[in-house]
Amino acid sequence: MPELPEIETICRGLRSHLAGRRITRVEIFEPRLRHVIDPGLPGFLRGKTIIDVDRRAKYVVIRLENKNIWLFHLGMSGKLIHVSPNMPRQKHDHIVVTLDNLQELRYHDPRRFGLSLATSEPELDHLPQLRDLGLDPFDPSFNGQYLYSFTRGSRRRIRDLLLDQQIIAGIGNIYANEILSRVGVRPTVRSFRLTRETVARIAAMIPTVMNEAIRWCGTSFSDYRDADDKFGEFQNHLRVYDRAGERCRKCASTIKRIAMGNRSAFYCPSCQS
DNA sequence: CGGGCGGCCTGGAGGC
DNA sequence: TGCCTCCAGGCCGCCC
């Protein structure tokens with residue numbers, strides 16, 4: 001569920017709570033996530049101090065002492081929240097970590113599409129999950145020319161191309177639709193039909209929309225909450241996503257929803273061509 | 001190989 | 001009230 005802006009928001013929240021804290025206790029209540037959690041994980045974490053928390057695409061990177069790393073992907077319904085131990089444990093709280101200030105970090109994930117594993121600084125870039133990631137939208141070398149090198153000659157629909165993590169890392173279905181709405185391009189357009197200029201406008205819009213969503217602390221469409229279990233607010237600023245049947249904020253036409261593969265796409269039929 | 005599709009899970013919404 | 005189907009923000013593997 002969470003895309004780049006949600007993960008960025010979670011990482012910022014976690015960093016403020018976790019940096020400098022030592023892990024004193026680790027409990028795994030349900031190891032069966034996307035992959036079964038390594039039984040050695042609690043032993044790996046126990047006693048280690050958390051140095052920092054940062055984001056890599058849609059992954060949460062918890063940096064520990066001695067270049068050790070605890071990596072998370074939240075799948076579609078994962079939450080990483082910092083709570084007081086008084087908070088009753090919820091159904092689907094799969095991992096509970098106690099810190100040296102007695103506060104807790106909990107991983108909650110009803111659909112169990114998430115990933116949690118132990119790794120290290122030197123191994124991180126070589127993990128199968130991370131090694132093939134494309135550029136982050138905030139990478140200085142991400143620009144129109146880079147994106148055009150992928151759209152040129154590709155028969156894929158532009159919405160699907162924007163979702164390809166090996167091209168741009170961090171965009172999911174909500175933001176792919178929002179980005180295209182802002183530049184007036186229909187999600188169904190075949191990439192090779194887009195001019196270099198249009199692709200440059202799409203590329204420029206990507207970090208713009210990501211920044212805006214980060215300022216609103218992400219989109220709480222359904223499951224997403226930040227590190228303090230609070231809602232984001234960008235759902236109030238969406239132009240097309242999940243607005244089928246509602247009026248376009250610009251021209252008052254009716255927003256359409258279509259099925260594209262397994263996933264919905266949304267657009268304004270008069271603003272986007 | 002590029003590109004499309006189904007499967008993995010649970011839960012919430014809506015139809016009957 | 002329940003039972004059914006559909007849908008969900010991701011990712012991976014299989015197939016043509």
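Numbers restart at 1 for each chain; the letters A, B, ... are given by sequence-line order, proteins then strands.
As judged by a 4.0 angstrom heavy-atom cut-off over every strand, R190(A) is placed among residues touching the sugar-phosphate backbone only. Note on Y175(A): nothing from the nucleic acid sits closer than 4.0 angstrom, heavy atoms only. The residue R157(A) sits apart from the nucleic acid: no heavy atom pair falls under 4.0 Å. At a threshold of 4.0 angstrom between heavy atoms, the contacts of N262(A) include nucleobase atoms, whether or not backbone atoms are also involved. Nucleic acid contact class of S154(A) (heavy atoms, under 4.0 Å, all strands): sugar-phosphate only. Residue R34(A) is in base contact, counting any heavy-atom pair closer than 4.0 Å across all strands shown.
With salt bridges taken as basic N to acidic carboxylate O contacts below 4.0 Å, none links E65(A) and K48(A). Classification of D52(A) and R63(A) as a salt-bridged pair fails, no side-chain N sitting under 4.0 Å from a carboxylate O. Note on D54(A) versus R15(A): no salt bridge recorded, every NZ/NE/NH1/NH2 to OD/OE distance being 4.0 Å or above.
Comparing the same atom, P, in dC11(C) and in dG12(B) gives a spacing of 23 Å after rounding to whole Å. On the C1' atoms, dG11(B) is 23 Å away from dC12(C), given to the nearest whole Å.
Taking atom CE on M76(A) and atom C1' on dC11(C), their separation rounds to 10 Å, with Å as the unit. Rounded to a whole Å, the CG atom of D160(A) is 14 Å from the C1' atom of dC11(C). Atom pair L162(A):CG and dG10(C):P shows a separation of 12 Å (rounding to whole Å applied). Atom C1' of nucleotide dC7(C) and atom CD1 of I174(A) are separated by 14 Å, given to the nearest angstrom. Taking atom CG of L133(A) as the reference point, atom P of dG10(C) lies 14 Å away to the nearest angstrom. Rounded to whole Å, atom P of dG4(B) lies 8 Å from atom CZ of R155(A). In this structure, R263(A) atom CZ and dC8(B) atom C1' are separated by 13 Å, rounded to whole Å. The CD1 atom of I7(A) sits 10 Å away from the P atom of dG10(C) (whole-angstrom rounding).
By the 5.5 Å and 30° criteria, F113(A) is stacked with the base of dC8(B).
At dG11(B), none of the side-chain N or O atoms of R111(A) fall inside 4.0 Å of OP1 or OP2 (strictly under the cut-off). Between dA8(C) and R257(A), a contact under 4.0 Å exists linking OP1 or OP2 to a side-chain N or O. A close approach under 4.0 Å does not occur between any side-chain nitrogen or oxygen of H73(A) and OP1 or OP2 of dG10(C).
Counting only heavy atoms from C-beta on, H92(A) has its side chain closest to dG11(B) among dG10(C), dG11(B), dG3(B). In this structure, the nucleotide among dG11(B), dG10(C), dC12(C) sitting nearest to the side chain of E3(A) is dG10(C). Nearest nucleotide to the K91(A) side chain, out of dG10(C), dG11(B), dC12(C): dG11(B).
Of the possible donor and acceptor atoms, one in the side chain of R112(A) sits under 3.5 Å from a partner among the backbone N and O of R32(A). With hydrogens and angles disregarded, a donor-acceptor distance shorter than 3.5 Å links the side chain of S220(A) to the backbone of G232(A).
Of the two residues contacting DNA chain C, namely S220(A) and H35(A), the nearest-nucleotide position lying further toward the 5' end is that of S220(A).
Across all strands shown, dC9(B) has no partner, as no Watson-Crick or G-U wobble contact with both distances under 3.5 Å is found.
Note: F72(A) CZ to I62(A) CD1 = 5.5 Å, rounded to the nearest 0.5 Å.
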